[in-house]
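Remember, it's 1-based here, ligands and their atoms both numbered in the order they're listed.
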Amino acid sequence: MKAEHYVDGAFVSAGTVFPVIDPVTGAGSGSAPEATREVVDAAVRAGRAALKGAWGSAADGERAAALRAVADGIDARFDEFVDAEVRDTGKPRELAATVDVPRAAGNFRAYADLLYGRGERAFTTAVPGWSGGSGQALNYTVRRPLGVVAVISPWNLPLLLLTWKVAPALAAGNAVVAKPSEETPSTATLLASVINDAGLPAGAFNLVHGHGAGAAGEFLTGHPGVDAIAFTGESATGAAIMRNAADHVTPLSFELGGKNPALVFADADLEAAVEGTARSSFTHSGQICLCTERVYVERPVFDEFVSRLGDRARALKDYGPMISAAHRDKVLSYYRLAREEGATVVAGGGAPVFGDARDGGFHVEPTVLTGLPPTARTVREEIFGPVCHVAPFDTEDEALRLANDSPYGLAATVWTRDLSRAHRVAPRVETGIVWVNCWNLRDLRTPFGGVKASGIGREGGEYSLDFFSEPVNVCIQI
Ligand code: NAD
């Protein structure tokens, strides 16, 4: 697919073109234009103009109708979206067809609905003896959009994570300039086409393609006309964006990296814990921010758990690739590092040979490691591949200490049949999300985000609308 920018209601191909690679085979599958500073500037100015025009004065009901039209437009071109997402990411078709694309449409519908469920508080005030008048007042809050917001998204769930920000940003009345990952530009371009057909006013949604550092991403996040930045990606990139945005004190919402722990207690349903951990470590070949990379298992069931998880990893045959040759090389370098650090490789640990076109692609084996100390880099750094390290623990406190010994704090899973233990442990795990006896079971209304190096702020439901709007208090003396 030939991706294009979408600026001020028109598709534009300005800029040098870079190739898009199919990670399953390593062959070229399309191209995208690299946005210059001028293209980014035109997109920001188009957003500002839209806010002064029809989009800025659209009522809640009109914006909700526009979001529903976008959701319908995604549904109508469902197969096209699935094809494009599979081609760009190499993820199994079933994943794109059951998660990425339906959730993208769902994000627009969810925020159309939420616009109506939302209200603000009002206070009647009495300040006895106030010298300026009656001292009686009515205080109420109105929310206004932030303005032109930049949305920057990664390659692992390209459409889902993009729409997860674009839908609430538009619902709250902002204009958007979005930049998807340079690795996965296709579904964002289809989304622009759907938004165009849905009839949103020109400039309400703009799309620019290109790379991050020293390119479109940096031009956008440092632009003085950008009123807020919503970013999902690596923690180091978040830090770079923060520095770039500091001069303009631009508000930030960050969903960053993770090194997510699973805590498996001896009283757990072991089969469910093994199955759940295999899912949480190997789905999308470990390239979901919520994937488990550290597993802590209570000693009496440790050997049994490791043996069964190793079997699961070896049994996986039809898995997708890493997004790029560079990312494959990074993951394989961690497989080598783990050995150097003294790990036992229970399963995987290399790159597979399929004997077909996939050998040109970027696959790595699902891998299970044991035997490393908590200080090992393999246990501390985000790998973002199909790999987990399993270590034993003896007490609940030790399990929590090990789980919390991390610079990251995105998501955790706890496996236990003891209800009291679940309630005791869950609030003490230092992550923004804790799943008990499940993984990645999501209700879009719930807060989503991380602590420590895993992020700033929360997305989901009203949390996103809170970020994308500013409360203004009005005080009327009565
Ligand atoms: P990345 O940080 O390399 O890139 C993400 C986006 O930022 C891309 O669009 C990229 O072009 C842009 N970018 C890169 N450098 C930039 C800069 N200096 N200024 C502005 N923009 C810049 O991340 P990735 O490799 O695409 O994605 C994988 C990472 O994302 C992992 O760390 C993963 O944990 C994280 N992630 C987090 C969540 C979450 O919800 N917490 C969800 C998905 C992925």
* **Lys/Arg N to Asp/Glu carboxylate O, Arg45 vs Asp41, below 4.0 Å** => yes
* State whether Arg77 and Asp83 are salt-bridged, where the test is any N-O pair (Lys NZ or Arg NE/NH1/NH2 against Asp/Glu carboxylate O) under 4.0 Å. => no
* Distance (rounded to the nearest 0.5 Å) between Leu263 CG and Thr413 OG1 -> 7.5 Å
* **Heavy-atom gap Gly455 to ligand 1 smaller than 4.0 Å** => no
* Test item: side-chain donor near acceptor, His209 and Thr189, under 3.5 Å -> yes
* So which bit of Ser235 gets within less than 4.0 Å of ligand 1, heavy atoms only: side chain, backbone, both or neither? -> neither
* Asked: Any idea which atoms of ligand 1 are less than 4.0 Å away from a heavy-atom of Glu182?
  -> 10 (C), 11 (O)
* Residue Arg424 excluded, over 12 heavy atoms near CZ under 6.0 Å -> yes
* Is it true that atom CD of Glu218 has more than 12 heavy atoms of other residues, nucleotides or ligands lying nearer than 6.0 Å? -> yes
* Among the heavy atoms of Pro180, does any lie under 4.0 Å from an atom of ligand 1? -> yes
* Structure fact -> If we number the atoms of ligand 1 from 1 as shown, the ones under 4.0 Å from a heavy atom of Leu161 are 42 (C), 43 (C)
* **From Thr232, Ile288, Thr237 - option closest to atom 1 (P) of ligand 1 by heavy atom** => Thr237
* Judged by modelled atom types alone, do Lys165 and Ser253 share a side-chain donor-acceptor pair under 3.5 Å? -> no
* To do: Check salt bridge (Lys or Arg N to Asp or Glu O under 4.0 Å) between Arg339 and all other residues, then give those that pass, not counting sequence neighbours.
  => none
* **Nearest-contact summary for atom 34 (O) of ligand 1 - protein heavy atom, Å** => Glu382 OE2, 2.6 Å
* Would you mind checking if Asp113 and Arg68 are paired as a salt bridge, meaning a charged N to carboxylate O distance below 4.0 Å? => yes
* **Minimum-distance protein heavy atom relative to atom 28 (C) of ligand 1** => Phe384 CE2, 3.6 Å
* Going by atom types alone, do Glu459 and Ser464 pair a side-chain donor with an acceptor below 3.5 Å? -> no
* To do: Examine Trp439 together with Phe282 and report whether their ring centres are nearer than 6.0 Å.
  => no
* **Region of Asn156 that comes within reach of ligand 1 [heavy atoms, distance under 4.0 Å]** => side chain
* Please step through salt bridge (charged side-chain N to carboxylate O under 4.0 Å, His left out) for the pair Lys91 and Glu94, ending with a clear verdict. => CA-CA 8 Å; Lys91 68 175 57 182; Glu94 195 209 337; over 6 Å; no
* Asked: Is there a heavy atom in Gly450 that sits closer than 4.0 Å to ligand 1?
  -> no
* In terms of atom number and element, which parts of ligand 1 are under 4.0 angstrom from non-hydrogen atoms of Ile241? -> 19 (N), 20 (C), 21 (N)
* Under 4.0 Å from ligand 1, counting heavy atoms only, is it the side chain of Ile152, its backbone, both or neither? -> side chain
* **Min N/O separation Leu256 to ligand 1 under 3.5 Å** => yes
* To do: Under 4.0 Å, heavy atoms only, figure out whether ligand 1 is touched by the backbone of His327, its side chain, both or neither.
  => neither
* What residue and heavy atom of the protein are closest to atom 18 (N) of ligand 1, and at what distance? -> Ala213 CA, 3.6 Å
* Asked: So between Tyr408, Trp155, Trp164, whose heavy atom ends up nearest atom 25 (O) of ligand 1?
  -> Trp155
* Asked: Distance from Leu256 atom CG to Leu410 atom CG, nearest 0.5 Å?
  -> 9.0 Å
* Structure fact -> If we number the atoms of ligand 1 from 1 as shown, the ones under 4.0 Å from a heavy atom of Gly212 are 11 (O), 13 (N), 14 (C), 15 (N), 16 (C), 17 (C), 21 (N), 22 (C)
* atom 21 (N) of ligand 1 [closest protein heavy-atom partner, distance rounded to 0.1 Å] -> Gly217 CA, 3.6 Å
* Using a strict cut-off of 4.0 Å, indicate which atoms of ligand 1 neighbour a heavy atom of Phe448. => 40 (O)
* Structure fact -> Judged by heavy atoms only, the candidate from Ala411, Gly432, Gly233 nearest atom 30 (O) of ligand 1 is Gly233
* Asked: Is there a nitrogen or oxygen of Lys179 sitting under 3.5 Å from a nitrogen or oxygen of ligand 1?
  -> yes
* To do: State the CG-CG distance between Leu146 and Leu51, to the nearest 0.5 angstrom.
  => 10.5 Å
* Asked: Where is the nearest protein heavy atom to atom 7 (O) of ligand 1: which residue, which atom, and how far?
  -> Phe231 CE1, 3.2 Å
* Asked: If you measure from each non-hydrogen atom of Leu290 to ligand 1, which part falls under 4.0 Å: side chain, backbone, both or neither?
  -> neither
* Asked: When you measure from atom 6 (C) of ligand 1 to every protein heavy atom, which one gives the shortest distance, and what is it?
  -> Ser153 O, 3.5 Å
* Side chains of Tyr335 and Glu365: is there a donor and an acceptor less than 3.5 Å apart? -> no
* To do: Output yes when a protein non-hydrogen atom is found under 4.0 Å of atom 15 (N) of ligand 1, and no otherwise.
  => yes
* To do: Spell out, as yes or no, whether a donor-acceptor pair under 3.5 Å connects the side chain of Thr163 to the backbone of Leu160.
  => yes
* Asked: In terms of residue, atom name and distance, what is the protein heavy atom nearest to atom 39 (C) of ligand 1?
  -> Cys289 SG, 3.2 Å
* **atom 27 (O) of ligand 1 [closest protein heavy-atom partner, distance rounded to 0.1 Å]** => Pro154 CB, 3.3 Å
* What part of Leu410, side chain, backbone, both or neither, has a heavy atom within less than 4.0 angstrom of ligand 1? -> side chain
